[in-house]
Q: 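Structure incoming, see below.
Along the sequence shown, the residues carry numbers beginning at 1.
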Amino acid sequence: MSDAPVTADDVDFAVRLAVAVLRDAEAADWDAKAGSLEWTCWETVEHLADDLFAYAAQLGPRRPPLESEVPFVWSAKRPGGPANVVFADRDAGPAGLVQVLEACGALLTAVVRTTPATVRSHHSFGVSDPEGFAAMGVVETLVHVHDVAEGLGVGWTPDADLCGRVLGRLFPHAPADADRWATLLWATGRGEIPGHARLTQWRWHGAPRSER
């Protein structure tokens, strides 16, 4: 398991990889179901962009909240759809959707890069630090693009070292002897690895390394 830190550069790298893959699939059916999710591919990318925006927002205030989320209004466009702050204009097409994702990724990258490591903020899985929010943003990007890639019918195999760093930060008890990408999919309930059945419930551990 990697002990290397997860950084703003990792967020930027993950989002750049995602943007490149999604731009190549602009002609696909974006209303197709995203993998095992109940959302469409379009909705899933909106949700991902919203996650990146929300993680940046949690670190933004001078005194970040420790017991709640920054009180934006989240809403869903349809019953069962993701509740977001961020939505993309359908008239802008897939290219516009991917641009929204890229912009939200840039926000999280910039905030992580400029926020002191001592800062703490609320997440539903526990209070975390800038490195933790960076790792969350990377995991959201890698696994949701996996969901979308399945729906769009395109390939997606992210960098193994990047997967190893976020596993070490957020899933410290994950098996260390299997392929890093397969293990990340297993840790997020999306697959099996040798000796370990698919998870039906999962969570990450966002507490700062020094506070585990």
Q: Answer yes or no: does atom CD of Gln99 have more than 12 heavy-atom neighbours from other residues, nucleotides or ligands under 6.0 Å?
A: no
Q: Would a hydrophobic clustering, with Ile, Leu, Val, Met, Phe, Trp and Tyr connected at side-chain separations under 4.5 Å, put Leu108 with Val86?
A: no
Q: Is Arg90 reaching over with its side chain to a backbone N or O of Ala88, donor-acceptor style, under 3.5 angstrom?
A: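 Looks like no, no N/O pair under 3.5 Å.
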Q: If every non-hydrogen atom of Phe125 is compared with every non-hydrogen atom of Arg203, which pair is closest and at what distance?
A: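 Of all heavy-atom pairs spanning Phe125 and Arg203, the closest is O-NH2, 2.5 Å.
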Q: Which heavy atom of Asp12 sits nearest to which heavy atom of Thr109, and what is that distance?
A: N-OG1, 3.5 Å
Q: Under a 4.5 Å side-chain heavy-atom rule over Ile, Leu, Val, Met, Phe, Trp and Tyr, are Leu142 and Leu185 clustered together?
A: yes
Q: State yes or no: do Met136 and Phe72 share one hydrophobic cluster built from I, L, V, M, F, W and Y residues joined by side-chain heavy-atom distances below 4.5 Å, directly or via other members?
A: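 They do not share one cluster, since no chain of ILVMFWY contacts under 4.5 Å joins Met136 to Phe72.
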Q: Which atom pair, heavy atoms only, marks the closest approach of Leu59 to Ser121?
A: CD2-CB, 4.2 Å
Q: Are Trp39 and Val143 connected in a single hydrophobic cluster, I mean Ile/Leu/Val/Met/Phe/Trp/Tyr linked by side-chain heavy atoms less than 4.5 Å apart?
A: no
Q: Quick one: does Arg169's side chain have a donor or acceptor within less than 3.5 Å of a partner on Gly206's backbone?
A: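 A pair under 3.5 Å: yes.
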Q: Tell me, with the steps shown, if Leu17 and Trp156 meet side-chain contact (heavy atoms from CB on, under 4.5 Å).
A: CA-CA 9 Å; Leu17 292 175; Trp156 172 247; 3.8 Å; yes
Q: Begin with the C-alpha distance, continue with both residues' side-chain angles, and end with the deciding distance and a verdict on side-chain contact (heavy atoms from CB on, under 4.5 Å) for Leu184 and Val139.
A: CA-CA 8 Å; Leu184 184 58; Val139 170; 4.2 Å; yes
Q: Verify, without hydrogens or angle tests, whether Glu131 (side chain) and Pro208 (backbone) share a donor-acceptor contact under 3.5 angstrom.
A: no
Q: Does the side chain of Trp74 come under 3.5 Å of the side chain of Asp50 through a donor N or O and an acceptor N or O?
A: yes
Q: Got a donor-acceptor contact below 3.5 angstrom from the Arg198 side chain to the Gly189 backbone?
A: yes
Q: First locate atom OG of Ser128, then atom CD of Glu211, and finally report the distance between them rounded to the nearest 0.5 Å.
A: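 CD of Glu211 is found 9.0 Å from OG of Ser128.
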Q: Which distance, rounded to the nearest 0.5 Å, do you find between the OG1 of Thr188 and the CG of Leu170?
A: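 If I round to the nearest 0.5 Å, the distance is 11.0 Å.
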Q: How long is the straight-line distance from CD of Glu46 back to CG of Asp51, given to the nearest 0.5 Å?
A: 12.0 Å
Q: Of all the heavy-atom pairs spanning Pro158 and Cys163, show the shortest one and how long it is.
A: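 Closest approach of Pro158 to Cys163: CG-SG, 4.0 Å.
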Q: Using 0.5 Å steps for rounding, measure from the CG atom of Leu101 to the CZ atom of Arg23.
A: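 The CZ atom of Arg23 is 9.5 Å from CG of Leu101, to the nearest 0.5 Å.
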Q: What closest approach, in Å, do Ala187 and Trp202 show between heavy atoms, and which atom pair accounts for it?
A: O-CB, 3.3 Å
Q: Checking Leu52 against Leu107 for the side-chain contact (heavy atoms from CB on, under 4.5 Å) test, could you report, in this order, the C-alpha distance in whole Å, the side-chain angles of both residues, the deciding distance, and whether it holds?
A: CA-CA 8 Å; Leu52 301 177; Leu107 289 175; over 6 Å; no
Q: Flag yes if more than 12 heavy atoms outside Arg63 fall under 6.0 Å of its CZ atom; otherwise flag no.
A: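 12 or below, so no.
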Q: Do Arg78 side-chain atoms and Ala76 backbone N/O form a donor-acceptor pair below 3.5 Å?
A: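 Side chain of Arg78 to backbone of Ala76: no pair is present.
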Q: Check whether any side-chain heavy atom of Asp179 sits under 4.5 Å from a side-chain heavy atom of Ile193, and report yes or no.
A: no
Q: Does any N or O in the side chain of Gln58 come within less than 3.5 Å of the main-chain N or O of His122, such that one atom is a donor and the other an acceptor?
A: yes
Q: Starting at CH2 of Trp181, measure out to OG1 of Thr157 and round the result to the nearest 0.5 Å.
A: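 Rounded to the nearest 0.5 Å, the CH2-OG1 separation comes out at 7.5 Å.
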Q: Over 60° means perpendicular and under 30° means parallel, so tell me whether Trp204 and His123 are parallel, tilted or perpendicular.
A: tilted
Q: Taking NZ, NE, NH1 and NH2 as the nitrogens, is one of them in Arg190 or Glu150 under 4.0 Å from a carboxylate oxygen of the other?
A: no
Q: Mind running side-chain contact (heavy atoms from CB on, under 4.5 Å) on Leu37 and His144 for me, showing each step along the way?
A: CA-CA 9 Å; Leu37 304 181; His144 280 314; 3.9 Å; yes
Q: Using the six-membered ring wherever Trp is involved, compare the ring planes of Trp42 and Trp30 and label them parallel, tilted or perpendicular (cut-offs 30° and 60°).
A: perpendicular
Q: According to a 4.5 Å side-chain heavy-atom criterion applied to Ile, Leu, Val, Met, Phe, Trp and Tyr, with indirect links allowed, do Tyr55 and Val127 form part of one hydrophobic cluster?
A: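 Tyr55 does not cluster with Val127.
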Q: Is the backbone of Val15 close enough, under 3.5 Å, to the side chain of Glu102 for a donor and an acceptor to pair up by distance?
A: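 A pair under 3.5 Å: no.
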Q: If we ignore hydrogens and angles and just use 3.5 Å, is the side chain of Asn84 paired with the main-chain N or O of Phe87 as donor and acceptor?
A: no
Q: Taking the side chain from Asp24 and the backbone from Val21, do they hold a donor-acceptor pair closer than 3.5 Å?
A: no
Q: Please give me the minimum heavy-atom distance between Leu152 and Cys41, naming the atom from each residue.
A: CD2-SG, 3.8 Å
Q: With rounding to the nearest 0.5 Å, note down the distance linking CG in Leu162 to CZ in Arg180.
A: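 Spacing of CG (Leu162) from CZ (Arg180) equals 12.5 Å.
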